[in-house]
Structures are given as C-alpha cells and as structure tokens.
Amino acid sequence: MSSFKVNKTIPEINERIRKGRAVVLNAGEMTALVQKLGKVKAAKEVDVVTTGTFSPMCSSGLLFNTGQEPPVIKTSKVWINNVPCYAGLAAVDGYLGATEPAEDDPLNKVYPGRFAYGGGHVIEDLVRGKAVHLRAEAYGTDCYPRRKLDKDVTLADLPNAWLLNPRNCYQNYNVAVNLTSRTIYTYMGPLKPNSRNANFATAGQLSPLFNDPYLKTIGLGTKIFLGGGVGWVLGAGTQHNAKPPRNERGLPLSPSGTLMVKGDLKQMRARFLRGVSIVGYGCSLAVGVGIPIPILNEDMAWFTGVSDADIQVPIKDYGYDYPNGLPRVLGHATFEELKSGEILVNGKKTPTVPVTSLSMCLEVADELKRWIEEGKFLLTEAQDIIPSV
Amino acid sequence: MSEKPHGEVQKGFRKIVYLTFPPEVSGRPVVCNLARLFDLSFNILKAEISPRQDGTMTLEISGLETDFHKGVNYLKENSVRITPVAQKIFRDEDCCIHCGLCTAMCPTKALVVDKGTRKVLFEIDKCSACGLCTRVCPVQAMAVDLDENGRN
C-alpha cells in the first residue's frame with residue numbers, strides 16, 4: 001500500500017484535463033503555493049506543474065529524408081545551405097547537427113570567429129518556411145544511378161523532418177568564470193579576465209529536471225513541449241549522470257541528468273527554435289523544452305516546490321581548469337544569488353550574466369500550461385525509467 | 001526638444017553624439033572649444049581619422065542643456081555633422097530572445113537585465129554605440145551603423 005496521503009494517477013489527471021477541471025500551475029507559481037500551503041495541501045489542489053527552459057542546447061539536430069525524384073540517388077554527401085550533413089544512413093536519409101558550421105565558414109581563423117550560419121540556423125530557416133538549398137553528391141550504383149542533386153526545398157517538401165536531440169535539458173549547469181588575464185570566448189559566452197563576469201545557464205526553479213530531480217515521472221514516452229510543438233522523451237541523453245552528488249533536497253550539485261528528445265519539426269515554431277552564433281565558439285540551436293510534471297502525491301508537490309534559493313550551481317574556471325579537464329569547483333552559488341546580478345567568486349564581487357533566457361523559459365512553461373488547461377494536451381505515462389539515484 | 005520652465009537650472013544634462021568631420025575640419029581643434037567657449041564637459045568614447053582625413057568621434061557631452069545646444073550649433077557652424085547615437089544603433093525587437101549575454105560586454109550599462117521581468121532593457125540614452133553587443137549577441141539582434149563606409 002502506498003504510504004502517501006495524496007494519491008493520484010495519470011489517467012485520473014487526464015480525466016480532469018479532458019473535463020477542463022485540472023488545476024495547472026507553472027513551476028514558479030507552484031513554488032509559492034507549496035511555501036504557503038505545504039506539500040500535502042498543495043498536492044491535493046494541484047494536478048500538473050509545467051516547467052520550461054529555453055537555452056542553447058548543442059546536442060540537437062534534424063533527422064530528415066529528402067525524398068526521391070527520378071533518376072533516383074543514394075546520397076553520400078549532403079549539404080543544406082552549404083552546411084554539411086551526415087549522409088551515411090540510407091539512400092536519402094540525412095542528419096544535420098545544430099553545431100555544424102557552413103562549409104566555407106572561416107571558423108576561428110580570424111579570432112574570435114563569428115560563426116554566422118550553421119546547422120541550427122538551417123533548422124530555424126526551415127521552420128520559418130524559408131527555402132533552403134539542398135546539394136548532394138553520390139557515387140552512383142546500378143539501383144541509384146544519379147550522381148548529383150541541386151535544388152531548393154522547403155520544410156513542406158521534405159517527406160520527413162524530425163528534430164532529434166541526443167542531449168537536451170541539462171539538469172544543473174556550471175557558472176563560468178575566467179581566472180586568467182585575457183578575455184576568452186567560450187560556449188558560455190565571452191569571459192573577461194580576472195573573473196570580471198560570471199556567466200550562468202539553466203532555468204532555475206522553472207527548469208524541467210530541477211522539478212523532478214530523480215526523474216520519477218519522466219521517461220521514454222513522456223509527452224512534452226518541444227520547439228513550440230509536441231515532442232517526446234526517448235530516454236536518457238548522452239552524458240546522463242544518474243548518480244551525481246546531491247544536496248539535502250536531492251538537487252544535483254553539478255551538471256548531471258540529460259534527456260534525449262524528438263518531435264516532428266513540421267509542427268514547431270521558430271519562436272522556440274533559434275539558430276545561435278556563439279562568438280569564438282561556434283553555432284548551436286536554442287531549444288524551448290517544457291515538461292509537465294504530474295502531481296501524483298505530496299512528494300511530487302515537494303519536488304516541484306523547488307525554489308531558486310534551493311538550487312546550488314557550481315562555479316568553474318573556464319580559463320585554465322576547464323580546458324585542461326581539471327575538476328576544481330571554486331564554490332557554489334544559489335540560483336537566487338545568480339539572478340540577483342552579483343555573486344562572490346573567491347571572495348570577489350562578480351557581476352553575473354545569464355545565457356538562458358528566463359523570460360522565454362516562463363513563456364514555454366505558460367504556453368504548456370495553457371495547452372493543458374484548454375484540454376489540448378494530455379499527459380502520458382513513461383514506458384521506461386531513466387536511471388537516477 | 002521641449003522647453004523647460006523659465007529660470008529652472010538644469011544640471012546633469014548628458015548626451016552621447018556621433019560627430020563626422022570633413023577632411024578640412026578634422027585637422028583643426030574644434031571639439032576643445034566646447035569646453036572653452038560653452039562650459040561643457042566632454043568625454044571622448046571613440047575617435048578615428050580615415051586615410052582620406054575624414055574624422056569621426058563618439059562624444060559624451062555634459063553640462064547645461066542650453067549650453068549643449070549652443071555647443072552643437074557651434075559644431076554645425078564648423079561643418080561638423082552631428083548624429084545622436086540613438087540613430088546609429090538598433091535592436092531588432094522581434095529577434096531578441098532576452099538571454100542577457102550582451103549585458104556582459106556593455107561598457108555603459110545601456111543593456112541590463114530587468115530583475116522582475118527578466119527581459120533585457122535597452123536604454124539607448126546610455127549607449128555609446130561601441131558595437132560590442134553586436135559581436136556577442138547570439139541571434140544578431142543588435143546592429144550598429146557607424147559610418148558611411150560600412151565599417152564599425
């Protein structure tokens with residue numbers, strides 16, 4: 001028998017969503033409610049908490065099929081808008097990685113490089129309905145004689161286009177500082193010398209995996225908000241760390257859990273999928289992800305009651321330690337402190353700079369909340385767990 | 001420019017302007033007269049003379065508003081073209097994702113994160129159009145148009 005005072009099932013919550021009676025809060029509202037009512041009362045009142053994040057998520061990409069036109073082709077090299085794609089899948093399947101720069105990009109030859117256009121930008125252009133240039137080469141076979149393909153296509157022309165992201169939604173991340181004496185350009189943005197700025201990512205109390213730190217409700221088959229449309233969790237992402245050091249609330253103290261997700265690009269929106277250029281580093285894709293957390297019991301109410309003050313983010317030196325693979329942590333700052341605009345790094349006041357758009361994170365969580373309130377989005381039961389202890 | 005009530009002393013008037021000097025003026029001491037003749041303070045944020053002897057300067061001027069206008073007229077009489085910096089820098093509001101990365105580089109704190117809404121505020125009066133934000137912005141929402149030759 002369950003030892004919980006509140007017990008709900010996902011089918012029961014879905015029934016309430018269908019009838020338009022489900023109580024849905026975004027993760028920020030839930031934090032306030034749990035602080036006010038306590039976890040048991042909050043669990044009785046609330047059915048679903050919506051989370052949201054919007055940040056550059058490098059391990060993202062597009063799995064696509066270009067379709068055939070006679071004479072048919074087995075593509076061995078493919079470019080879209082001159083961005084190289086991986087073509088070693090099947091005749092006309094390809095994969096475009098978000099961080100792949102255009103083939104003629106000068107990279108960091110003129111330092112710091114601008115990385116004006118890459119895979120993430122192609123994905124944004126496709127979602128915007130723009131025509132992109134598809135170019136392919138093939139060696140030619142008896143069954144696939146065509147050697148070359150050169151044409152403009154739009155998202156509508158592609159028989160399949162799936163956003164397939166091997167690693168999204170990092171649970172916690174680093175605060176990046178630079179203890180050297182020259183400015184450096186990192187994936188966390190430019191870092192001025194002698195730790196004159198501290199750059200931080202993640203959505204704090206709105207972040208999906210901070211609201212379900214042991215991934216009790218998230219697994220293979222969890223239906224989510226992805227890039228402005230519907231997507232699915234496929235399981236753990238690459239580099240998923242199931243057993244991180246945690247604080248007394250169970251929140252990881254270092255970057256740990258990750259998710260692999262997918263969704264049909266054709267129903268996504270460019271507002272929540274933006275190609276980004278990180279000066280001196282490279283290209284990427286900012287992805288909006290929102291995950292609904294069902295409040296099955298008071299434990300889930302307590303977890304979703306997480307506040308920015310509970311979240312401890314490790315501060316790391318990206319000037320020497322990070323590039324040399326040294327694990328040194330300079331200390332932890334709470335997300336509340338990071339949002340205040342200033343933290344202490346080695347006793348020195350350092351201005352903080354966000355990399356994640358918190359206003360967009362809230363927009364994601366609120367949009368998912370609206371979908372559920374309107375009965376358009378039902379929750380699913382995970383079919384396989386993601387290990388997390 | 002609205003007229004202030006008579007007799008009210010306006011202190012701390014401050015404006016950042018972008019000056020363009022034709023070749024025949026760029027070699028002459030003109031800007032220093034803002035201080036000598038009109039009691040204005042100025043701070044040179046950026047200055048350049050091209051190989052063709054065209055001069056450009058980003059200047060922060062402070063003093064009384066009436067003196068500022070006199071000074072600006074003096075510059076105009078000396079063939080210096082004056083453009084408010086606000087007309088030289090743009091944010092594409094639809095493009096900006098309000099991440100906040102630009103706030104790391106902004107030297108004049110014209111770009112700051114609003115603590116409440118978590119949106120990035122752009123206070124153009126404080127901007128010196130240095131252009132650092134245009135390099136940092138991951139979605140190219142900031143654009144500076146600083147001289148006629150397309151350089152910035």
Side-chain angles (χ1 to χ4, degrees), chain A residues 28 54-56 112-117 120-121 124 176 178 183 185-192 196-201 203-204 206 270-286 288 336 338-341 350-363, chain B residues 43 45-46 48 50 58 88-147 149-152:
Chain A
F54 181 79
S55 203
R114 300 199 71 159
F115 299 93
Y117 197 86
H121 299 91
E124 180 182 335
N178 169 20
T183 297
Y185 296 88
T186 72
Y187 66 84
M188 293 292 285
L191 299 173
K192 293 190 269 193
R196 294 219 313 274
N197 59 315
N199 289 16
F200 67 103
L206 296 174
R271 181 161 182 81
F272 302 102
L273 278 181
R274 296 290 302 274
V276 296
S277 305
I278 303 166
V279 60
Y281 176 73
C283 304
S284 189
L285 182 70
E336 190 180 37
L338 289 164
K339 276 170 77 177
S340 78
T350 305
T352 58
V353 174
V355 176
T356 301
S357 171
L358 287 175
S359 64
M360 287 295 293
C361 296
L362 187 61
E363 197 175 316
Chain B
N43 184 20
L45 301 174
K46 196 174 177 183
E48 194 180 25
S50 76
T58 309
K88 286 283 175 189
I89 185 142
F90 316 92
R91 176 164 74 172
D92 183 338
E93 299 295 336
D94 294 333
C95 180
C96 174
I97 57 174
H98 296 275
C99 62
L101 210 49
C102 54
T103 63
M105 303 312 274
C106 183
T108 59
K109 293 199 164 45
L111 289 159
V112 288
V113 177
D114 182 281
K115 297 275 191 322
T117 63
R118 304 306 301 183
K119 293 208 165 178
V120 176
L121 304 176
F122 179 35
E123 295 177 63
I124 206 156
D125 293 345
K126 292 187 185 167
C127 173
S128 66
C130 68
L132 283 175
C133 52
T134 63
R135 287 207 317 175
V136 183
C137 178
V139 291
Q140 280 96 50
M142 303 299 301
V144 175
D145 164 32
L146 262 195
D147 69 24
N149 304 326
R151 292 173 296 146
N152 65 32

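- A donor-acceptor contact shorter than 3.5 Å is absent between the side chain of A/Lys339 and the backbone of B/Arg118.
- Nearest heavy-atom pair, B/Lys115 versus A/Gly341, reported as atom, atom and distance to 0.1 Å: CE-N, 4.1 Å.
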Starting from the C-alpha separation in whole Å, work towards a yes-or-no answer on side chain to side chain contact (heavy atoms under 4.5 Å, CB included) for B/Leu101 and A/Asn199. CA-CA 8 Å; B/Leu101 210 49; A/Asn199 289 16; 3.8 Å; yes
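- Listed by chain and residue number, nothing satisfies the side chain to side chain contact (heavy atoms under 4.5 Å, CB included) test with A/Pro351 (two or more places apart in sequence, or in another chain).
- Ranking A/Thr356, A/Thr183, A/Ile278, A/Leu362 against chain B, the residue ahead of the rest is A/Thr356, based on heavy-atom pairs under 4.5 Å.
- Interface remark: A/Pro112 contributes side-chain atoms only to the contact with chain B (heavy atom separation under 4.5 Å).
- Using a 4.5 Å cut-off between heavy atoms, A/Phe54 touches chain B through its side chain atoms alone.
- Looking at every heavy atom in both residues, B/Asp94 comes nearest to A/Arg274 through O-NH1, 4.2 Å.
- Counting heavy-atom pairs closer than 4.5 Å to chain B, the top residue among A/Cys361, A/Pro354, A/Ser359 is A/Pro354.
- Between B/Val136 and A/Val279, the shortest heavy-atom contact is CA-CG1, 4.3 Å.
- The environment of CZ in B/Arg91 is crowded: more than 12 heavy-atom neighbours from other residues, nucleotides or ligands sit within 6.0 Å.
- Here the shortest heavy-atom pairing between B/Ala104 and A/Asn197 reads CB-ND2, 3.7 Å.
- Comparing B/Cys95, B/Gly100, B/Cys137, B/Pro138 by heavy-atom pairs within less than 4.5 Å of chain A, the highest count is held by B/Pro138.
- A donor-acceptor pair under 3.5 Å is formed between the side chain of A/Ser357 and the backbone N or O of B/His98.
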